[in-house]
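Every heavy atom of this structure was used, including side-chain atoms; hydrogens, water molecules and symmetry mates were not.
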Amino acid sequence: MGQESLEQWSNDGDNGESADSTEVPDRCLSITIRGPWGHFRRIEGNIVKQTYRIIPRTTVAGLLAAVMGIERDGYYELFSPGNSAIAIEPVREIRTINMPMNTLSTSAGNLQSLNGRGKISVKLPDPTTLRQQHNYEVLVEPAYRIDVSLANDERYRELRNTLEAGKSHYVPSLGLSEHLAEIEYHGNFEVETDHGGDQTEVNSAVPNAVEDVVLEPGTRCQVEESPAFMRRDAGGRTTAGFTAYTYNPDAGPLTVKNVDPARVDGRTVVFV
């Protein structure tokens, strides 16, 4: 199978999910996720394992599915376009460092089976093999405010009750399992449509509006494209759509025109 470029994939009308026309939901749950480290591997990375600066929408969906205990590959429809809306706001300055790590291969041929005599079998990498060193670009103390709405009322109540209780079925992490995450629940909020005028100060990262950001002196502005939607297939899963986020790496607002903002808990955000 040939490899497609990101642009080819995004423009594929048969396979791509539209992320440009998300309706503003009427209510949402709001949380902040943070941790000492984070790594959201960029799909185009090679020798240096670079990270996305904004937690990808697919990672948010996976993290919330882990909170509810939904199995791998079992939550893509729940977070698909038309069934969910998510806004992502960096609330701390985005910083990265390069961190070399020594790793062992976890491919099938390099795993050893333990307790195989009629008991539960556990497979672990062979500790006697040589380590490979990889250079990871990691986020330092990342923190994001997440607003999420689900069309499925039963799942929405389940997520709300779990967050209110401060529980999680699986241990939440920021990308890699060793980068543990803390979740702070802010509450269930009504979402109001913002009628601020032609130009609006938006606190969240702004999806798919690169040309509509009003550049201002002293305000930094960066853009990155990341996976937004997944689809289950015969091989497990595949990326079904991307979103190009424009954001302020200093965790401040951006002035934007021609978007459909919403007000949540006194903040202005854009859902996708």
Side-chain angles (χ1 to χ4, degrees), residues 24-40 51-70 75 78-79 84-97 138-150 152-192 194 201-207 226 228 243 245 247-254 261-272:
V24 175
D26 56 1
R27 76 325 188 213
C28 72
L29 304 173
S30 189
I31 62 174
T32 293
I33 56 175
R34 61 172 67 88
W37 306 102
H39 178 79
F40 313 116
T51 180
Y52 292 110
R53 268 55 175 173
I54 300 296
I55 181 172
R57 192 186 190 282
T58 50
T59 304
V60 174
L63 189 149
L64 296 175
V67 169
M68 292 187 285
I70 303 175
Y75 58 87
L78 181 65
F79 291 93
S84 65
I86 294 175
I88 302 171
E89 174 189 349
V91 294
R92 187 178 291 162
E93 178 189 3
I94 296 175
R95 297 188 297 123
T96 63
I97 63 170
V138 298
L139 293 156
V140 182
E141 297 184 330
Y144 306 94
R145 180 82 178 255
I146 306 293
D147 303 299
V148 55
S149 182
L150 301 176
N152 186 315
D153 289 336
E154 182 178 351
R155 283 296 193 185
Y156 186 85
R157 287 193 298 271
E158 177 186 352
L159 179 59
R160 183 188 61 193
N161 294 339
T162 305
L163 292 172
E164 284 179 344
K167 296 181 178 179
S168 177
H169 190 91
Y170 296 104
V171 177
S173 63
L174 291 167
L176 299 178
S177 60
E178 56 264 48
H179 297 331
L180 300 182
E182 171 190 348
I183 299 178
E184 179 184 0
Y185 177 61
H186 300 290
N188 179 51
F189 296 96
E190 292 186 1
V191 180
E192 303 173 1
D194 190 311
E201 274 201 348
V202 177
N203 299 97
S204 70
V206 186
S226 59
T243 293
Y245 283 109
Y247 63 96
N248 182 339
D250 298 317
L254 290 175
R263 296 283 294 172
V264 178
D265 191 24
R267 304 151 39 246
T268 301
V269 302
V270 179
F271 286 93
V272 65

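Counting non-hydrogen atoms of other residues, nucleotides and ligands closer than 6.0 Å to CD of Glu93 gives a total above 12. A 6.0 Å sphere centred on CD of Glu154 holds no more than 12 heavy atoms belonging to other residues, nucleotides or ligands.
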Start with the C-alpha gap between Leu150 and Leu64, add the side-chain angles, then the distance that decides, and say whether side chain to side chain contact (heavy atoms under 4.5 Å, CB included) holds.
CA-CA 11 Å; Leu150 301 176; Leu64 296 175; over 6 Å; no

Give the C-alpha distance, both sets of side-chain angles, the deciding distance and a yes or no for side chain to side chain contact (heavy atoms under 4.5 Å, CB included) between Leu29 and Tyr185.
CA-CA 8 Å; Leu29 304 173; Tyr185 177 61; 3.7 Å; yes

Using the side chain to side chain contact (heavy atoms under 4.5 Å, CB included) rule, take Phe271 and Asp147 through it: C-alpha gap first, then chi angles, then the decisive distance, then the call.
CA-CA 8 Å; Phe271 286 93; Asp147 303 299; 3.9 Å; yes

What do the steps show when you test Arg92 against Arg34 for side chain to side chain contact (heavy atoms under 4.5 Å, CB included), and what is the final call?
CA-CA 9 Å; Arg92 187 178 291 162; Arg34 61 172 67 88; 4.0 Å; yes

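At a cut-off of 3.5 Å, with distance as the only test, a side-chain donor of Ser84 or Arg57 sits close to an acceptor on the other residue. Residues Arg145 and Ser30 bring a donor and an acceptor atom of their side chains to less than 3.5 Å of each other. A donor-acceptor pair shorter than 3.5 Å cannot be found between the side chains of Asn161 and Tyr156.
The existence of a salt bridge linking Arg267 and Glu89 is confirmed by a sub-4.0 Å separation between a basic side-chain nitrogen and an acidic carboxylate oxygen. With respect to Asp153 and Arg27, a salt bridge is recorded, a charged nitrogen being found less than 4.0 Å from a carboxylate O.
Between the side chain of Thr51 and the main chain of Phe40, a donor-acceptor pair closer than 3.5 Å is present.
Each of Ile183, Val171, Ile31 was compared with Val67 under the side chain to side chain contact (heavy atoms under 4.5 Å, CB included) criterion, and only Ile183 meets it.
To the nearest 0.5 Å, the span separating CD1 on Ile54 from OH on Tyr245 amounts to 8.5 Å.
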